[in-house]
Amino acid sequence: MKKLVIIPAYNEEKSICTTVRDVLENAPGFDYVVINDCSKDNTLQICRENGLNVLNLPINLGIGGAIQTGYRYAVENGYDVAVQFDGDGQHDAKFLQEMADQLEKENLDMVIGSRFIENEGFQSTGLRRMGIRFFEGLLRMLFGVHITDATSGMRMCTRKVFTQFSMEYPQDYPEPETIARLLRQKYRVAEIPVVMRERKAGVSSINPVKSVYYMIKVSLAILIERMR
């Protein structure tokens with residue numbers, strides 16, 4: 001299979017080279033593309049100086065727009081599998097081949113890397129864990145599927161799925177919402193245990209104020225998906 005790692009990057013000048021190096025060293029069967037989401041720091045310059053494969057967005061589209069750009073790139077370049085892999089260095093590329101093996105072996109449509117199956121590595125902040133548990137319960141109640149890490153930014157999907165996402169994709173906080181969409185459409189979604197690292201640099205896009213909006217917006221989106 002032809003496999004692509006999509007690395008969304010917004011102000012990740014201190015971690016983007018390390019992230020790409022991790023992919024190159026620990027996932028040799030994968031290609032990669034960095035989607036620079038109109039960073040205000042030197043992310044783009046660093047990518048170009050180091051010869052990284054980078055697409056530059058002229059305006060900031062947010063995480064949803066950056067990932068959708070990566071999916072369009074995957075469609076146009078004939079990839080069979082695409083995986084989101086955050087540019088902040090939290091993810092570990094050594095799990096990517098295991099995810100691809102599980103996707104093929106179990107005939108899945110999406111595989112999510114979950115930090116909460118074996119509870120190893122960085123477990124996120126207490127406030128964010130509360131939100132993740134909430135979405136875990138909501139998805140289980142509405143769709144009957146147990147997803148322990150619905151907000152994980154380490155998600156691998158097949159060409160059928162990312163072709164659909166390349167045409168329509170939520171623009172902010174897309175992970176739980178798109179899982180709900182796939183479950184409603186009877187796609188096969190599963191998780192494997194992974195270990196994540198604590199962010200070494202940069203700042204999360206979700207602060208305490210945005211967390212309230214995040215919970216309300218994503219919850220409503222999931223409920224609307226269920227009613228379609």
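For the numbers below, each heavy atom of this structure counts, side chains included, while hydrogens, waters and symmetry mates do not.
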List the steps, then state whether side-chain contact (heavy atoms from CB on, under 4.5 Å) holds for F116 with E191. CA-CA 10 Å; F116 300 119; E191 296 178 301; over 6 Å; no
Under 4.5 Å between any side-chain heavy atoms of [X] and [Y], yes or no?
X	Y	answer
I16	I7	yes
N26	R21	no
L57	T69	yes
R188	M110	no
I179	L139	yes
M215	F135	yes
C17	I46	yes
V81	C157	no

Is it the case that the side chain of [X] and the backbone of [Y] share a donor-acceptor pair, with hydrogens and angles ignored and the cut-off at 3.5 Å?
X	Y	answer
Q102	V111	no
S152	G113	yes
S114	T148	no
D92	K94	yes
K2	N77	yes
D22	A93	yes
T163	V75	no

Between [atom1] of [X] and [atom2] of [Y], what distance do you get to the nearest 0.5 Å?
X	Y	atom1	atom2	value
T151	D149	OG1	CG	5.0 Å
L108	M99	CG	CE	10.5 Å
F85	Q90	CZ	CD	10.5 Å
T18	R197	OG1	CZ	9.0 Å
D86	M154	CG	CE	9.5 Å
E175	I67	CD	CD1	7.5 Å

Should [X] and [Y] be regarded as members of a common hydrophobic cluster, given that ILVMFWY residues are connected when their side-chain heavy atoms come within less than 4.5 Å of each other, either directly or indirectly?
X	Y	result
L182	M141	yes
M167	V161	no
Y173	L183	yes
V218	I224	no

Problem - R184 NZ/CZ over F143 ring centroid, <6.0 Å and within 45° of normal - result: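 Checked: cation-pi criterion not met.
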Axial cation check for F134 ring with R129, 6.0 Å and 45° limits: no
Test log, rule side-chain contact (heavy atoms from CB on, under 4.5 Å), inputs I63 and Q84
CA-CA 11 Å; I63 183 63; Q84 177 182 341; 4.3 Å; yes
Quick one: closest heavy-atom pair of [X] and [Y], and the distance?
X	Y	answer
L138	S219	CD2-CA, 4.3 Å
I117	I192	CD1-C, 3.6 Å
A74	L4	CB-CD2, 3.7 Å
E168	Q68	N-NE2, 3.6 Å
A27	L96	CB-CD1, 3.8 Å

Residues F162, R72; criterion side-chain contact (heavy atoms from CB on, under 4.5 Å); working and verdict | CA-CA 8 Å; F162 69 70; R72 292 188 66 177; over 6 Å; no
What I want to check is whether the side chains of [X] and [Y] have a donor and an acceptor closer together than 3.5 Å.
X	Y	answer
R155	T178	yes
Q164	Q185	yes
Y213	D172	yes

In a table with atom names and distances, give each donor-acceptor pair under 3.5 Å that connects a side chain of residues 31-44 to protein atoms at least two apart or in another chain.
| from | atom 1 | to | atom 2 | distance (Å) |
| --- | --- | --- | --- | --- |
| D31 | OD2 | Y79 | OH | 2.7 |
| Y32 | OH | N53 | N | 3.0 |
| N36 | OD1 | S39 | OG | 2.6 |
| N36 | ND2 | N56 | OD1 | 2.7 |
| D37 | OD1 | L61 | N | 2.7 |
| D37 | OD2 | N60 | ND2 | 3.0 |
| D37 | OD2 | G62 | N | 2.8 |
| S39 | OG | A9 | O | 3.4 |
| S39 | OG | N11 | N | 2.9 |
| D41 | OD1 | T43 | N | 3.0 |
| D41 | OD1 | T43 | OG1 | 2.7 |
| D41 | OD2 | E12 | N | 3.4 |
| D41 | OD2 | E13 | N | 3.2 |
| D41 | OD2 | T43 | OG1 | 3.4 |
| T43 | OG1 | E12 | N | 2.9 |
| T43 | OG1 | E13 | N | 3.1 |

Other residues, nucleotides, ligands: >12 heavy atoms within 6.0 Å of E104 CD: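 Not more than 12 within 6.0 Å, no.
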Practice item. Please identify each residue that fulfils ring pair (Phe, Tyr, Trp, His ring centres under 6.0 Å) with F165, with sequence neighbours left out. Key: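 Counting only residues at least two positions away or on another chain, F165 forms a ring pair (Phe, Tyr, Trp, His ring centres under 6.0 Å) with Y71, Y169.
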Salt bridge or not between E177 and K217? Use side-chain N to carboxylate O under 4.0 Å. yes
